[in-house]
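Residue numbers start at 1 and run along the sequence shown. FYI, side chains are in, hydrogens and waters are out, and symmetry mates aren't considered; it's all heavy atoms of this structure.
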Amino acid sequence: MRALVIGNWKMNPKSFKEARKLLEATKKVAGSARGISVVVAPPSIYMRELTGGRRAGKIAFAAQHAHFDAEGAHTGDISMTQAKDAGASYVLIGHAERRTLGESNEDTRKKVAVALSLGLIPVLCVGESKRGNGGEHFDVVRSQLRAGFGDVPASKASKVLVVYEPLWTIGKDTAMHPRDMHEMEIFIRKTLLELYIVPQENAPNVKVLYGGSVDATNAGAMLDEGQVKGFLVGRASIDAESFGALLKTIASL
Ligand code: PGA
């Protein structure tokens, strides 16, 4: 597999009819993109009907967000068990937009562990909200990784996907510079090495992805120079033409 691409539809599209159309078009473009694993994260209210409750197929599904409790009094939330039952195989955890709404490092710690225990693939999103010149973003990402991987044994660490997606790169005209992504990719690996390297154990082979204003124009450089293994894509995933162009670019590399 050349890359993993997760389309985060966020709160789009407006109706289920449009969602079904978008999925059909996405399936078409994904079908011709060789070597790319495509995951779609639709609004949870559309999930079951889109997947038909099945977890197999060319496209896999992710929940955009889920609670760590299996059931209970959490108005408006869904559980990971429910997401899995509706056909999800992945779950986004700690997306920058959810962190702004109060999702804490402690929440992500519990969620990653629960996802793994249910056989869901946790997609742990990390990244600072602002970037200054003092290197504070490294401290932010280190704390997020330490928390997110806090309850993950070394034997399971490589099952977790890490997306570096700082808030300041989301919804913008351009992505961050691939050189800065590469620096962060190295930092993420180094931090995980510090967390896990003990005698007899190897450093976990965790896939690092990038998110934030990804499209067909910047994906190539990100994979190449940024050294990422894939992407979390917002806007370019809710238009099948842009998504198709993105997949085509990646497949051609
Ligand atoms: P964007 O969103 O691609 O529209 O910047 C990315 C995301 O938030 O996952």
Side-chain angles (χ1 to χ4, degrees), residues 1-43 46-47 50-52 54-64 87-90 92 95-96 121 123 125 127 161-166 169-182 184-185 206-253:
M1 183 195 53
R2 244 177 246 128
L4 173 73
V5 179
I6 307 173
N8 178 10
W9 290 4
K10 306 194 180 183
M11 204 171 69
N12 301 292
K14 285 199 202 90
S15 68
F16 177 69
K17 201 171 155 199
E18 288 170 76
R20 192 164 42 199
K21 258 172 103 184
L22 176 59
L23 182 67
E24 284 318 309
T26 302
K27 275 185 183 163
K28 250 193 214 146
V29 292
S32 46
R34 296 169 113 224
I36 305 176
S37 287
V38 177
V39 179
V40 163
Y46 299 151
M47 178 83 81
L50 291 180
T51 64
R54 288 180 300 274
R55 301 205 295 137
K58 165 75 188 160
I59 291 191
F61 289 83
Q64 294 180 12
S89 340
Y90 294 72
L92 306 189
H95 187 280
I121 299 173
V123 182
C125 303
L161 297 171
V162 173
V163 182
Y164 176 61
E165 186 179 67
T169 65
I170 298 176
K172 298 289 185 293
D173 291 337
T174 52
M176 73 186 287
H177 199 287
R179 195 180 43 234
D180 295 333
M181 180 59 231
H182 188 208
M184 184 52 82
E185 193 260 349
V206 172
K207 279 200 179 75
V208 179
L209 318 185
Y210 168 77
S213 305
V214 174
D215 61 23
T217 65
N218 52 40
M222 269 298 174
L223 285 172
D224 193 22
E225 202 184 333
Q227 291 289 303
V228 296
K229 297 285 183 279
F231 301 105
L232 181 58
V233 186
R235 284 158 301 160
S237 73
I238 54 171
D239 170 69
E241 213 174 294
S242 327
F243 200 56
L246 170 65
L247 297 182
K248 211 168 164 188
T249 306
I250 299 172
S252 70
L253 294 172

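R20 places no side-chain N or O within donor-acceptor distance of the main-chain N or O of S15, the cut-off being under 3.5 Å. Y210 places a side-chain N or O within donor-acceptor distance of the main-chain N or O of M176, the cut-off being under 3.5 Å.
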*Are E225 and H177 close enough, and set up right, to give a side-chain contact (heavy atoms from CB on, under 4.5 Å), and what steps lead you there?*
CA-CA 9 Å; E225 202 184 333; H177 199 287; 3.9 Å; yes
_Intermediate values then yes/no, side-chain contact (heavy atoms from CB on, under 4.5 Å), E165 and L92_ = CA-CA 12 Å; E165 186 179 67; L92 306 189; over 6 Å; no
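The minimum heavy-atom distance linking Y90 with A60 is given by the pair CE1-CB, 3.8 Å. The two residues G230 and L223 come nearest to each other via the heavy atoms N-CD2, 4.1 Å. A88 and M47 make their closest contact through CB-CE, 3.9 Å (heavy atoms, listed as atom of the first residue, atom of the second, distance). Scanning both residues, W9 and N12, for their nearest heavy atoms gives O-ND2, 2.9 Å. When all heavy atoms are compared, the tightest approach of S213 to N218 is O-ND2, 2.9 Å. Nearest heavy atoms, L246 versus A219: CD1-CB, 3.5 Å.
For the pair H95 and Q64, the minimum side-chain heavy-atom distance is 4.5 Å or more. Using a 4.5 Å cut-off on side-chain heavy atoms (C-beta onward), P42 and L23 make no contact. Proximity of L209 to L232: side-chain heavy atoms (C-beta onward) are nowhere separated by under 4.5 Å. At least one side-chain heavy atom of M181 sits less than 4.5 Å from a side-chain heavy atom of V208. Proximity of V233 to V5: side-chain heavy atoms (C-beta onward) are separated by under 4.5 Å at one or more points.
To the nearest 0.5 Å, atoms CG (D180) and OG1 (T169) are separated by 11.0 Å. A distance of 12.0 Å separates NE2 of H182 from CE of M222, quoted to the nearest 0.5 Å. Rounding to the nearest 0.5 angstrom, the gap separating the CG atom in L22 from the OG atom in S237 is 7.5 Å. Once rounded to the nearest 0.5 Å, the distance linking CG of D215 with CZ of F231 reads 10.0 Å. One distance of note links NZ of K58 with NZ of K28; it measures 15.5 Å at 0.5 Å rounding.
Applying the 6.0 Å contact sphere to CD of E18 captures more than 12 heavy atoms from other residues, nucleotides or ligands. At most 12 heavy atoms of other shown residues, nucleotides or ligands fall within 6.0 angstrom of atom NZ in K21.
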